[in-house]
Amino acid sequence: SINVAANRAVVRVGDPISLSITIQGDGNLKSILLPDLAKQMGLGEQDFQIPTEKPAGTIDGNSKQFNVSVRVKNQDIVQIPALSFSWFDPQREEFVAATSKPIALQVMDTKIVSSADVFSKSDSNTDQDSAETAPDKTSRELDLIAGANLAIETDAKRLLRAGAHREFWNYLPPAIYGAVLLVGVVILLRSRRTDDSFVANRKKVRLNEIRKSIQRAGQQNGTQSFNDIAGSLREYIREYEPKLRTPIERLIAQCDNAVYAPSESVDEELVRQVSHESLMIIESGEVL
C-alpha cells in the first residue's frame, strides 16, 4: 500500500508543502525507490514544482517513508492527486499497482507588499555629476604673448623674476584641475556612504514596522489577526531571507489553517501565542 500525508491544506502560490509518502508491505524494502513524482498524473511542471533529487527514505518495520517538499505554481489547483506505486508480484507473476488517496487543497494567490510602496528615494546624482565636471581649460588659458615687451632685456634679476612668474601660471591650471577632481572623488565616496546608510536605515525601519504589525495583530481578535501575522511573516522572509525559515513557514501555515478553519470562534490565546512566537523568531533571526 501507499499512503500520502501533507503538513498543510491551505497554502498560497509558491508556499512549500511537505509530503510524507509511506510505502508498506512485505519484501525487500531496501531496494524500493520513491516513484518519479514528475511523471505522476496531475503533478505536471505547469502546476507543481518538484525537486529533482530523490530522498533515500527511512525503514520502520514493514514500511518505508519518504519526505519530499513540493510547491504549488497554479492557483487553480484543488488537490494533490493520488500517487501510484507499482511492483512485481512473484506469486501472481504480474505487475501490481497501489494508489493513495488524493489530498484536498485550498490555494490562494500570493500577496506581495513591495517595500517601494513605503519608501522612495530621490535622485541624488545631480549634484555629483555637476561637481565632477572638469573646468574648461580654454577659458583659463593665459595669453602670455599679448602686450609682451619684445625688447632685449639685459637685467638678470628681471629675467629671473619673469621666468618665475611664467612658471607659476604654467602650474596653476593643473593644480585647479586636480583640486576639482579631488573634490569630485570626495563627493562620490560620501554619496556611496550615504546610499549604504539609507539602505541600512530603510531595513531597520521596515523591520520595526513588521514587529509593530505583529504586536498589533496579537492584541486584536478575529481571523484578520492571523491574516496580518501571516502577511508580516511573508514580508519578513522576502526582505531579510532569514536562516530560520522552517519555524516561520510553520507559523504561516498555522495562521492560514486558523483563518479557514470551520469553527466560527477564534482562539484568542492562540492569536497571542502565534504573535509571541513570531516576534521571538524575528529577534533570533536578527541576531543571526
Side-chain angles (χ1 to χ4, degrees), residues 5-20 49 51 55 58 65-73 75 80 103 105-119 196-288:
N7 68 329
R8 56 202 305 186
V10 181
V11 297
R12 293 185 182 273
V13 175
D15 284 351
I17 304 175
S18 179
L19 298 181
S20 177
Q49 180 180 344
T58 57
Q65 180 175 335
F66 303 90
N67 294 318
V68 62
S69 179
V70 300
R71 296 177 185 267
V72 181
K73 300 166 61 177
Q75 188 181 354
I80 296 177
I103 301 176
L105 285 181
Q106 182 171 358
V107 183
M108 300 176 293
D109 193 11
T110 303
K111 180 181 180 182
I112 299 178
V113 180
S114 174
S115 58
D117 298 334
V118 183
F119 296 95
D196 295 340
S197 176
F198 175 82
V199 173
N201 290 335
R202 183 188 64 81
K203 282 184 169 291
K204 186 179 297 184
V205 171
R206 185 55 185 154
L207 183 62
N208 190 36
E209 290 182 352
I210 291 175
R211 288 199 197 97
K212 290 182 179 179
S213 176
I214 295 176
Q215 289 175 350
R216 287 195 301 268
Q219 298 172 357
Q220 299 174 358
N221 300 324
T223 57
Q224 185 60 35
S225 299
F226 291 108
N227 273 331
D228 294 342
I229 294 175
S232 298
L233 291 177
R234 288 189 173 94
E235 176 70 11
Y236 175 71
I237 291 178
R238 183 167 53 255
E239 286 288 337
Y240 300 93
E241 298 182 356
K243 297 181 180 179
L244 302 177
R245 295 181 66 94
T246 301
I248 296 178
E249 291 176 347
R250 175 182 59 81
L251 289 174
I252 293 175
Q254 191 173 3
C255 290
D256 291 340
N257 290 334
V259 170
Y260 292 94
S263 176
E264 296 182 357
S265 61
V266 177
D267 191 348
E268 299 179 3
E269 183 63 28
L270 179 60
V271 174
R272 290 191 291 269
Q273 177 184 350
V274 173
S275 174
H276 177 70
E277 291 183 8
S278 301
L279 292 174
M280 294 295 294
I281 291 176
I282 290 178
E283 293 296 335
S284 62
E286 186 179 8
V287 173
L288 290 176

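All of these numbers come straight from a predicted model, not from anything done at the bench.
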Do any N or O atoms from the side chain of R272 and from the backbone of G218 form a donor-acceptor pair under 3.5 angstrom? no

Any L207 side-chain heavy atom under 4.5 Å of K204 side chain: no

For M108, run the side chain to side chain contact (heavy atoms under 4.5 Å, CB included) check against D256, V259, V72, D15 and tell me which one passes. D256

Drop me the distance from L251's CG to S232's OG, to the nearest 0.5 angstrom. 12.0 Å

Residue pair Q273 / E277, side-chain donor-acceptor N/O under 3.5 Å: yes

Identify the two heavy atoms, one from P55 and one from F66, that lie closest to each other, and give their separation to 0.1 Å. O-CD2, 3.7 Å

Side-chain contact test, heavy atoms from C-beta onward, threshold under 4.5 Å: evaluate it for I17 versus L105 and give yes or no. yes

I want to check something: taking the side chain as every heavy atom from C-beta on, are D228 and R216 in contact at a cut-off of under 4.5 Å? no

Nearest non-hydrogen partners of R211 and L279, listed with the distance: O-CD2, 3.8 Å

Determine the minimum heavy-atom distance between A217 and I229, stating which atoms define it. CB-CG1, 3.5 Å

Exercise: identify the closest heavy-atom pair between P16 and R8: O-NH1, 3.1 Å

L233 side chain reached by I237 side chain, heavy atoms, under 4.5 Å: no

In terms of heavy-atom contacts, A9 and N257 come closest through N-OD1, 4.1 Å

Using a strict cut-off of less than 4.0 Å between a Lys/Arg side-chain nitrogen and an Asp/Glu carboxylate oxygen, indicate whether E209 and K212 qualify as a salt bridge. no

Does some side-chain heavy atom of Q220 sit less than 4.5 Å from a side-chain heavy atom of V271? no

Closest approach of N7 to S18 (non-hydrogen atoms, all atoms of both residues): OD1-N, 3.0 Å

Answer yes or no: is there a side-chain heavy-atom contact under 4.5 Å between I282 and I214? yes

